[in-house]
Amino acid sequence: MPDFHRFFWWTKNPNAIDLDRNERDVALQVINYGGWRHWQWLVNYYGRERLKGVVREIPETAFMPRALKLIKLLFGIKKLKYASRSDYIRAKKNL
């Protein structure tokens with residue numbers, strides 16, 4: 001497993017992140033900030049179809065533009081959910 005600590009700067013203990021329970025956050029952070037080897041690990045860990053399902057549930061505005069282009073291409077996704085970034089952040093805080 002590659003070192004993921006840098007992707008979870010917002011938590012005090014990155015080792016405490018449950019990869020299955022927090023799959024959405026893990027996928028988003030790795031897709032936005034990871035390199036190719038991180039992406040490969042992500043697909044190997046979650047499986048292509050599960051990861052594709054997770055990605056489809058994340059609003060398009062949560063992805064960085066360069067990551068969004070690549071993830072759509074790799075998974076053959078034409079369109080993702082749309083939500084403004086501020087709506088997405090508000091929703092996460094209210095959970």
Side-chain angles (χ1 to χ4, degrees):
M1 179 165 113
D3 178 30
F4 290 104
H5 290 90
R6 66 185 175 125
F7 303 132
F8 304 105
W9 63 88
W10 39 264
T11 183
K12 291 180 183 176
N13 185 2
N15 294 323
I17 292 175
D18 184 308
L19 296 176
D20 292 310
R21 197 177 61 193
N22 302 109
E23 65 185 4
R24 185 176 165 150
D25 291 329
V26 171
L28 180 61
Q29 291 298 105
V30 171
I31 289 168
N32 276 335
Y33 301 107
W36 185 247
R37 70 185 176 96
H38 299 108
W39 281 44
Q40 288 175 314
W41 178 88
L42 201 63
V43 172
N44 287 332
Y45 184 84
Y46 292 113
R48 186 174 174 80
E49 289 307 310
R50 179 178 174 188
L51 185 57
K52 184 176 180 178
V54 169
V55 166
R56 284 190 167 170
E57 292 302 312
I58 299 172
E60 153 175 328
T61 52
F63 293 102
M64 293 184 166
R66 67 187 186 332
L68 180 62
K69 288 179 187 176
L70 187 55
I71 202 74
K72 283 182 169 181
L73 180 68
L74 291 175
F75 285 115
I77 298 171
K78 301 258 188 249
K79 191 168 180 134
L80 290 172
K81 289 181 175 183
Y82 180 81
S84 72
R85 182 78 177 141
S86 59
D87 289 344
Y88 176 71
I89 292 169
R90 266 195 301 271
K92 295 238 346 147
K93 285 183 180 177
N94 290 331
L95 289 178

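In this chain, numbering begins with 1 at the start of the sequence shown.
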Which of these passes side chain to side chain contact (heavy atoms under 4.5 Å, CB included) with I31: L42, L70, V26? L42

Does any non-hydrogen side-chain atom of L19 lie less than 4.5 Å from one of Y46? yes

What residues form a side-chain contact (heavy atoms from CB on, under 4.5 Å) with Y33, not counting sequence neighbours? F7, W9, Q29, M64

In the structure I gave you, are the side-chain heavy atoms of L28 and V54 within less than 4.5 Å of one another anywhere? no

Name all residues meeting the side-chain hydrogen bond (donor to acceptor under 3.5 Å, both in side chains) criterion together with R50; count only those two or more places apart in sequence or in a different chain, and write none if there are none. D20, E23

Below 4.5 Å, heavy atoms only, C-beta onward: do V55 and I77 meet side chain to side chain? yes

Here the gap from K52 atom NZ to I71 atom CD1, rounded to the nearest 0.5 Å, amounts to 10.5 Å

Of all the heavy-atom pairs spanning A62 and N32, show the shortest one and how long it is. O-ND2, 3.0 Å

Measure the shortest side-chain to side-chain distance between L74 and W39 over non-hydrogen atoms and say whether it is less than 4.5 angstrom. yes

